[in-house]
Amino acid sequence: MSEQQKGRLLTFSILRCNPQIEGDTPHMQDFQLHETEGMTLFIALNKIKEELDSSLQFDFVCRAGICGSCAMVVNGKPVLACRTLTAKFSNTTFTLLPLPGFELIGDLSVNTGKTMRAMSERLQSWIHDDEKANADFNVIEERMEPEIADQIYELERCIECGCCLSACGTWRMRPDFLGAMGFMRLARFYMDPRDKRSDADYYEVIGDDDGVFGCMSLMGCEDHCPKDLPHQTQIAFLRRKMVKA
């Protein structure tokens, strides 16, 4: 390929740090690639790993924007690397950092799973039903109004990538603050008619400053959600319910 046919020369400044290596300190390392048609940050990172430095650590699974594992901070904003085209940026320099607030595994890889598990246990995010589970698979499922099902599906679109948490000033300052992702999950069960928990039960989980009353409405969660989910709407919904409780 001639020089005229090559795309822009891009510079990727990536934070490098491996906590498993004693004494390894965080530092930035620059890599350069020529831009190709349809290049995403995910494609660029794979090229860097395959052609320039095989030790580079980052996470990916689906390449379709539905697993959330490739979330990282790009030029100061949390995004999904697999859905971020380099062509959308007028500048040719990209600063890539791991999501803040999560345990660092190495370079751009963070342990979101540890945070998600702790959140699930704290919220008890499963349907609470007084009836015992029926092992008869021939029993007809409980009916649900289509409107309710649609509302629940909208909240189920959350891929739990962690972008909303990293963009939340309250979550960054207060480690016990639940954050928008947790509120979205809890709102899903609150709307589900099969969940028999009362308002008082939910109040015990989120009715304090570490819950919905700690949100400062900075809108970082909604502004940076890659799925454009209505985080503030659901936080306001839960807050109204908790005031009544």
Side-chain angles (χ1 to χ4, degrees), residues 65-68 71 77-80 99-102 110-131 141-245:
I66 57 175
C67 74
K77 296 182 179 181
V79 300
L80 296 181
L99 288 181
F102 294 94
V110 295
N111 192 348
T112 55
K114 181 178 180 180
T115 301
M116 307 311 175
R117 181 181 178 88
M119 180 189 69
S120 294
E121 293 175 349
R122 175 180 174 182
L123 297 180
Q124 299 183 24
S125 51
W126 54 84
I127 292 177
H128 290 234
D129 194 341
D130 297 333
E131 299 180 7
E141 294 182 0
E142 184 175 340
R143 294 177 62 86
M144 182 183 296
E145 293 298 325
E147 295 78 10
I148 299 296
D150 288 342
Q151 292 176 22
I152 292 175
Y153 172 75
E154 173 69 8
L155 306 190
E156 288 279 15
R157 291 197 303 110
C158 176
I159 59 176
E160 299 185 349
C161 60
C163 286
C164 63
L165 297 181
S166 292
C168 175
T170 307
W171 187 78
R172 298 271 298 277
M173 292 185 293
R174 295 168 52 187
D176 292 331
F177 180 63
L178 184 57
M181 188 172 63
F183 298 139
M184 184 67 68
R185 182 185 288 193
L186 200 66
R188 174 256 180 272
F189 288 98
Y190 200 108
M191 289 182 178
D192 198 318
R194 297 168 296 180
D195 194 299
K196 301 303 189 289
R197 281 177 286 185
S198 66
D199 286 355
D201 294 329
Y202 282 103
Y203 187 88
E204 290 299 317
V205 180
I206 59 170
D208 56 16
D209 286 343
D210 290 330
V212 290
F213 297 114
C215 174
M216 296 186 291
S217 301
L218 299 176
M219 299 292 287
C221 54
E222 192 154 326
D223 290 342
H224 296 90
C225 177
K227 292 298 183 179
D228 297 321
L229 291 171
H231 287 287
Q232 286 299 319
T233 299
Q234 298 311 317
I235 292 173
F237 164 75
L238 291 174
R239 187 177 285 171
R240 288 195 303 270
K241 294 293 186 180
M242 293 305 97
V243 167
K244 291 180 180 179

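What you see is a predicted model; the values in this text were computed from it and never measured.
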Quiz prompt | Pairs touching residues 162-183 that satisfy salt bridge (Lys or Arg N to Asp or Glu O under 4.0 Å), sequence neighbours left out | solution =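 Applying salt bridge (Lys or Arg N to Asp or Glu O under 4.0 Å) to every pair that reaches into residues 162-183, excluding sequence neighbours, yields Arg174-Asp210.
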Quiz prompt | Contact list for residues 116-125, test salt bridge (Lys or Arg N to Asp or Glu O under 4.0 Å), sequence neighbours left out | solution =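 Applying salt bridge (Lys or Arg N to Asp or Glu O under 4.0 Å) to every pair that reaches into residues 116-125, excluding sequence neighbours, yields Arg117-Glu121.
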Self-check item: Results of side-chain hydrogen bond (donor to acceptor under 3.5 Å, both in side chains) for Asp201 - residues two or more places apart only
Solution: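 So Asp201 forms a side-chain hydrogen bond (donor to acceptor under 3.5 Å, both in side chains) with Ser198.
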Quiz item: Taking only residues two or more places apart in sequence, or in another chain, which ones meet Glu160 in a side-chain hydrogen bond (donor to acceptor under 3.5 Å, both in side chains)?
Solution: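 In terms of side-chain hydrogen bond (donor to acceptor under 3.5 Å, both in side chains), with neighbours along the sequence ignored, Glu160 is linked to Arg185.
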Practice problem: Could you check Ser120 against Ser125 for side-chain contact (heavy atoms from CB on, under 4.5 Å), going step by step and ending with a plain yes or no? | Solution: CA-CA 5 Å; Ser120 294; Ser125 51; 3.6 Å; yes
Practice problem: Could I get the full list of side-chain contact (heavy atoms from CB on, under 4.5 Å) partners for Cys168, not counting sequence neighbours? | Solution: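 If we apply the side-chain contact (heavy atoms from CB on, under 4.5 Å) test to Cys168, skipping adjacent residues, the hits are Thr170, Trp171, Phe177.
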Exercise. Report the residues that fulfil side-chain contact (heavy atoms from CB on, under 4.5 Å) with Glu204, sequence neighbours left out, ordered by chain and then residue number.
Key: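 With neighbours one apart ignored, the set is empty.
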Using 0.5 Å steps for rounding, measure from the [atom1] atom of [X] to the [atom2] atom of [Y].
X: Ile66; Y: Leu80; atom1: CD1; atom2: CG; result: 11.0 Å
X: Cys67; Y: Ile159; atom1: SG; atom2: CD1; result: 7.0 Å
X: Lys77; Y: Ser166; atom1: NZ; atom2: OG; result: 15.0 Å

Which atom names give the shortest non-hydrogen contact between [X] and [Y], and what distance separates them?
X: Met181; Y: Gly162; result: SD-N, 4.3 Å
X: Phe102; Y: Val110; result: CB-CB, 3.8 Å
X: Ala167; Y: Gly220; result: CB-O, 3.5 Å
X: Pro193; Y: Ile148; result: CD-CG2, 3.9 Å

Exercise. Report the residues that fulfil ring pair (Phe, Tyr, Trp, His ring centres under 6.0 Å) with Tyr202, sequence neighbours left out, ordered by chain and then residue number.
Key: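 Listed in chain order: Tyr190.
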Sequence neighbours left out, cut at 3.5 Å: what donor-acceptor pairs do the side chains of residues 235-245 make with other protein atoms?
residue	atom	partner	partner atom	Å
Arg239	NE	Val212	O	3.2
Arg239	NH2	Val212	O	2.7
Arg239	NH2	Cys215	O	3.1

Can you find a heavy atom in the side chain of [X] that is under 4.5 Å from one in the side chain of [Y]?
X: Gln124; Y: Val205; value: no
X: Leu178; Y: Leu123; value: yes
X: Leu165; Y: Thr112; value: no

Self-check item: Test side-chain contact (heavy atoms from CB on, under 4.5 Å) applied to Phe189 and Ile127, step by step
Solution: CA-CA 7 Å; Phe189 288 98; Ile127 292 177; 3.9 Å; yes
Self-check item: All pairs passing side-chain hydrogen bond (donor to acceptor under 3.5 Å, both in side chains) where residues 145-156 contributes a residue, at least two apart
Solution: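 side-chain hydrogen bond (donor to acceptor under 3.5 Å, both in side chains) check on residues 145-156 returns Glu154-Arg157, Glu156-Arg188.
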Quiz item: What pairs of residues pass the side-chain hydrogen bond (donor to acceptor under 3.5 Å, both in side chains) test when at least one of them lies in residues 212-235, not counting sequence neighbours?
Solution: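 Passing the test, one end in residues 212-235: no pairs.
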Quiz item: Residues two or more places apart in sequence or in another chain: which of them pass salt bridge (Lys or Arg N to Asp or Glu O under 4.0 Å) with Lys114?
Solution: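 So Lys114 forms a salt bridge (Lys or Arg N to Asp or Glu O under 4.0 Å) with Glu103.
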